[in-house]
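The structure appears below as structure tokens.
Quantities reported herein were computed from a predicted structural model and do not represent experimental measurements. Below, chain A is the first sequence line, B the second, and so on; all start at residue 1.
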There are 2 protein chains.
Amino acid sequence: AFLLEMVDILTNYVKKTFDRSTKVLDFHHPHQLLEGMEGFNLELSDQPESLEQILVDCRDTLKYGVRTGHPRFFNQLSSGLDIIGLAGEWLTSTANTNMFTYEIAPVFVLMEQLTLKKMREMIGWPDGEGDGIFSPGGAISNMYSVMIARYKYFPEVKTKGMSAAPRLVLFTSEHSHYSIKKAGAALGFGTENVILLSTDERGRVIPADLEAKIIDAKQKGYVPLFVNATAGSTVYGAFDPINEIADICEKYNLWLHVDGAWGGGLLMSRKHRHKLNGVERANSVTWNPHKMMGVPLQCSAILVREKGILAGCNSMCAGYLFQPDKQYDVTYDTGDKAIQCGRHVDIFKFWLMWKAKGTIGFEQHIDKCLDLSQYLYNKIKNREGYEMVFDGVPQHTNVCFWYIPPSLRGMPAGEERREKLHRVAPKIKAMMMESGTTMVGYQPQGNKVNFFRMVVSNPAATQSDIDFLIDEIERMARDL
Amino acid sequence: AFLLEMVDILTNYVKKTFDRSTKVLDFHHPHQLLEGMEGFNLELSDQPESLEQILVDCRDTLKYGVRTGHPRFFNQLSSGLDIIGLAGEWLTSTANTNMFTYEIAPVFVLMEQLTLKKMREMIGWPDGEGDGIFSPGGAISNMYSVMIARYKYFPEVKTKGMSAAPRLVLFTSEHSHYSIKKAGAALGFGTENVILLSTDERGRVIPADLEAKIIDAKQKGYVPLFVNATAGSTVYGAFDPINEIADICEKYNLWLHVDGAWGGGLLMSRKHRHKLNGVERANSVTWNPHKMMGVPLQCSAILVREKGILAGCNSMCAGYLFQPDKQYDVTYDTGDKAIQCGRHVDIFKFWLMWKAKGTIGFEQHIDKCLDLSQYLYNKIKNREGYEMVFDGVPQHTNVCFWYIPPSLRGMPAGEERREKLHRVAPKIKAMMMESGTTMVGYQPQGNKVNFFRMVVSNPAATQSDIDFLIDEIERMARDL
């Protein structure tokens with residue numbers, strides 16, 4: 001009975017999420033929520049609350065949250081609320097099991113295996129051979145890739161530590177995700193040994209710069225190990241030229257990782273997958289179905305071309321979990337491949353969505369999102385008050401632009417204008433959040449002052465929502 | 001409508017899970033499931049399936065899975081199916097957001113902050129001050145502790161890598177969880193620099209052995225960094241003597257981590273919390289509410305006594321996510337503390353359960369589980385055919401024992417008996433799984449041949465379920 005009342009609250013929430021007359025959020029500052037909004041008390045206590053109060057707490061939790069599935073929520077790379085995926089996640093929580101052994105997750109372990117194989121086939125590895133695992137997010141998937149590369153070239157580091165290896169360096173573009181640097185710090189390489197590559201004006205790695213920096217590192221006595229090519233950068237949505245980078249990696253015998261956390265989904269689209277040409281030459285690939293493919297959070301895969309290396313890198317053979325004398329084929333106990341012990345079941349929602357949509361359903365979703373961002377690009381590229389951050393049609397759904405309020409339009413270029421323009425996006429964003437009508441991200445990048453980064457990954461969004469966003473920006477900026 | 005049909009399937013599953021006439025599992029080998037049981041086809045395809053077929057797939061997924069909430073499922077440290085926790089997880093999936101910023105997870109970020117503070121208060125740190133984060137499992141929480149210790153003593157490793165530090169060594173007991181070794185491998189220390197400590201016959205670290213090994217390491221020119229004390233070991237449920245270990249850590253200026261993944265829950269019990277005496281002297285603590293406290297998977301916290309060090313260790317200040325010029329207090333954007341970027345909302349189910357049960361509800365749950373394992377211990381300690389792996393009342397709910405089938409009872413001690421006994425637990429376990437009536441874990445440990453490890457963490461279990469387990473073991477072993 002309690003569960004059914006809860007379901008009533010949740011299905012109501014879902015319905016309203018798709019209703020454009022509902023706000024995206026009802027913003028309050030931290031201190032306001034902490035003080036207890038209309039009796040919504042976040043503090044925990046010794047005594048139990050009644051079930052009625054629990055249901056009220058649940059309603060309040062949703063009321064003061066953010067509707068990430070709302071058609072006008074454009075704030076993150078992950079958005080949307082897929083009903084099949086949601087149902088899959090409800091089943092997953094109800095099954096409440098753990099991915100480490102076939103013994104307690106037989107169906108989920110097999111689903112993971114089949115789905116990873118399918119993803120490897122789409123990458124283009126022969127017969128979908130290789131290895132992989134679902135991990136808690138793209139940052140951890142990227143961390144895996146660095147660990148595996150190190151294990152491939154310097155397996156003794158596993159037992160003897162980094163002192164058994166020379167000074168190793170990693171390469172990634174200045175536009176790449178910060179998780180490569182984070183992995184460098186965590187795994188003992190040091191952030192100074194993560195060398196940032198220059199990009200062209202579209203945010204794509206310049207291959208010649210990679211080669212020059214490899215040569216430079218070698219001359220200094222360092223040992224180049226790993227190159228990350230980004231397929232769909234976080235801010236610009238740029239695709240690094242994988243084939244040219246792969247040529248260099250082959251020449252210098254380096255591990256090539258493709259971070260397709262954001263752009264990997266385009267492999268599902270016959271129209272757009274050419275942007276990842278060369279991905280089949282990568283040694284490892286990160287691909288987050290929870291981003292471009294609309295799978296509920298979290299769902300991220302690290303895929304590896306060489307079979308067995310993932311287990312070699314991470315296995316510790318704990319006897320209490322991975323008994324060799326079980327009655328079934330224990331090669332299906334995959335837990336020892338992970339840096340985690342217990343591992344959440346992230347596969348089922350994805351598997352179920354794939355069943356329900358088919359590969360062609362994902363393709364349609366991706367093509368539609370890219371069409372929408374092209375619609376936005378065409379709409380604003382010559383519109384008064386807009387400046388594009390880079391020229392040309394975006395490669396992914398990222399559309400990056402400044403909005404120039406009327407008061408700044410006549411102002412000559414220079415530091416004063418830069419400073420004023422830098423404050424425009426944060427102000428508009430704050431107004432958006434306070435009015436609760438829409439949300440879109442902004443950030444500076446290099447020497448560029450704050451600009452909006454629009455992304456579309458929500459299948460519920462339409463051209464009218466794009467129009468709405470533009471109207472809102474212009475309405476809010478009127479008096480800036 | 002689809003969601004409601006799904007809810008019908010799930011609530012039916014929940015009801016049956018608590019019904020003892022339902023089997024714990026319906027075992028099939030991997031090849032059987034892969035071949036497609038009664039039309040249950042795991043393969044993915046290009047074309048979509050009908051919603052009716054999706055519902056059938058969901059029913060099949062549950063049918064061939066394992067009921068980890070069944071009162072006779074004793075196989076893992078995590079078991080049970082708490083209805084409030086489940087409802088909380090359904091809400092979490094429906095909200096489908098990400099913990100990295102207050103911007104998109106205002107309520108969940110505050111809940112996490114308040115709950116971590118409450119946990120630190122229970123640890124005994126003054127005013128609950130300190131830091132912490134929920135992470136995807138105890139292994140990652142333990143990895144955090146090693147990273148933070150390294151950052152505390154050798155902050156330059158973050159930028160310069162392990163070559164900026166001397167040869168660092170970590171200490172942990174031979175009974176501790178393998179994740180400490182895994183962290184040693186991943187973070188660049190090397191497993192050989194994870195020094196295993198001897199234990200007494202109950203699996204508890206011998207403090208004198210720790211001190212001797214610290215001295216030995218220093219004499220070899222290594223630098224001791226970190227000691228892990230286990231509060232509730234995986235197999236024996238042993239609690240290392242934290243106060244005595246803390247004395248040594250203070251003497252040699254080492255980081256003290258307490259791995260309370262399994263035993264941390266006992267802090268909620270006035271009767272049992274003395275087993276963690278000294279935990280307030282730790283620098284960091286791992287505590288998994290998804291184990292002893294029955295919170296759905298996953299829910300693991302790493303708690304740190306020193307404020308600010310977690311962010312210092314991990315922050316990369318990504319401009320696109322952690323903009324300093326937001327309109328709200330951005331110290332609530334906690335994502336840069338994490339080694340992840342996106343982070344699943346693991347807090348809500350726990351917060352909701354705490355609201356619904358109160359601290360006293362968790363206490364009752366824990367006391368009940370410990371009473372049940374004492375019941376099992378009393379029942380079998382002098383019973384014919386049972387040998388206890390160690391003497392005395394277990395410290396946690398772990399009861400470790402050999403069952404000696406009638407055919408082995410007269411046999412003299414020696415290699416033949418050892419070999420035969422080693423095969424008993426796997427055989428009984430295989431029969432249990434094939435009949436589907438109950439599940440319990442087994443493993444060897446050191447020079448001890450395979451024995452059963454019984455654990456109780458499911459609040460639905462009663463004395464009759466313990467009796468049933470014993471009857472099943474004896475019934476199945478009759479002809480061995």
Side-chain angles (χ1 to χ4, degrees), chain A residues 6-7 10 29-30 42 44 46-49 54 61 64-66 68 87 89-90 93-97 104 107 114 118 136-137 139 158-162 178 182 185 188-192 235 296 298 316 318-320 325 327-328 332 340-342 344 354-359 361 426 430 443, chain B residues 6-7 10 29-30 42 44 46-49 54 61 64-66 68 87 89-90 93-97 104 107 114 118 136-137 139 158-162 178 182 185 188-192 235 296 298 316 318-320 325 327-328 332 340-342 344 354-359 361 426 430 443:
Chain A
M6 187 71 178
V7 167
L10 297 179
H29 285 280
L42 293 167
L44 300 166
D46 289 349
Q47 298 302 319
E49 264 182 7
I54 290 296
T61 299
Y64 297 111
V66 175
T68 60
E89 197 66 345
W90 287 7
S93 344
T94 311
N96 193 33
T97 195
I104 63 160
V107 182
L114 291 171
K118 196 90 180 161
K158 181 176 178 182
T159 50
K160 298 194 180 302
M162 286 295 269
Y178 68 93
K182 226 165 201 174
F189 293 83
T191 52
E192 287 177 7
V235 178
Q298 286 185 309
M316 294 288 152
Y320 79 96
D325 46 12
Q327 88 271 33
Y328 61 84
Y332 288 92
Q340 302 175 267
C341 172
H344 188 261
W354 203 326
K355 278 277 185 190
K357 294 164 84 91
T359 312
Q443 67 285 299
Chain B
M6 187 71 177
V7 167
L10 297 179
H29 284 280
L42 292 167
L44 300 166
D46 289 349
Q47 298 303 318
E49 265 183 7
I54 290 295
T61 299
Y64 297 110
V66 176
T68 60
E89 197 65 345
W90 286 8
S93 343
T94 311
N96 193 33
T97 195
I104 64 160
V107 182
L114 291 171
K118 195 91 179 161
K158 181 176 178 180
T159 49
K160 299 193 181 304
M162 285 296 269
Y178 68 93
K182 226 164 204 179
F189 293 83
T191 53
E192 288 177 6
V235 178
Q298 284 186 312
M316 293 290 152
Y320 80 96
D325 46 12
Q327 87 272 33
Y328 61 83
Y332 288 92
Q340 301 174 270
C341 172
H344 187 261
W354 203 326
K355 277 278 185 190
K357 294 166 84 91
T359 313
Q443 67 285 300

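Both the backbone and the side chain of A/Tyr328 come within contact range of chain B, with heavy atoms under 4.5 Å apart. Of the atoms belonging to A/Lys160, heavy atoms from both backbone and side chain fall under 4.5 Å from chain B. For B/Tyr332, the part lying under 4.5 angstrom from a heavy atom of chain A is the side chain only.
Among B/Gly361, B/Ala185, B/Gly65, the residue with the largest count of heavy-atom pairs under 4.5 Å with chain A is B/Ala185. Highest contact tally toward chain B, considering only A/Met162, A/Gln443, A/His29, A/Gln327, is held by A/Gln327 [criterion: heavy-atom pairs under 4.5 Å]. Per-residue heavy-atom pair counts under 4.5 Å with chain B were compared for A/Asp46, A/Ile104, A/Leu10, and the maximum is reached by A/Asp46. For the set A/Leu114, A/Val235, A/Leu42, the entry with the most heavy-atom pairs within less than 4.5 Å of chain B is A/Leu42. Of all the listed residues (B/Lys182, B/Lys158, B/His344), the one sharing the greatest number of non-hydrogen pairs under 4.5 Å with chain A is B/Lys182. Across B/Pro48, B/Pro136, B/Ala430, B/Gly161, the residue that shares the most heavy-atom pairs under 4.5 angstrom with chain A is B/Pro48. Comparing A/Lys118, A/Gln47, A/Lys355, A/Glu192 by how many heavy-atom pairs each has under 4.5 Å with chain B, the most go to A/Lys355. Of the listed residues (B/Leu44, B/Ile54, B/Thr191), the greatest number of heavy-atom pairs within a distance under 4.5 Å of chain A belongs to B/Leu44. Your options are B/Asp325, B/Val66, B/Val107, B/Val7, and the one with the most heavy-atom pairs under 4.5 Å with chain A is B/Asp325. Ranked by non-hydrogen atom pairs under 4.5 Å with chain A, the options B/Gln298, B/Glu89, B/Met6 are led by B/Gln298.
Using cut-offs of 30° and 60° for the angle between ring planes, the A/Trp90 and B/Trp90 rings count as parallel.
Remark: the backbone N or O of B/Gly137 is not paired with any side-chain donor or acceptor of A/Gln340 at under 3.5 angstrom. For the pair B/Thr68 (side chain) and A/Asn96 (backbone), a donor-acceptor distance under 3.5 Å is present.
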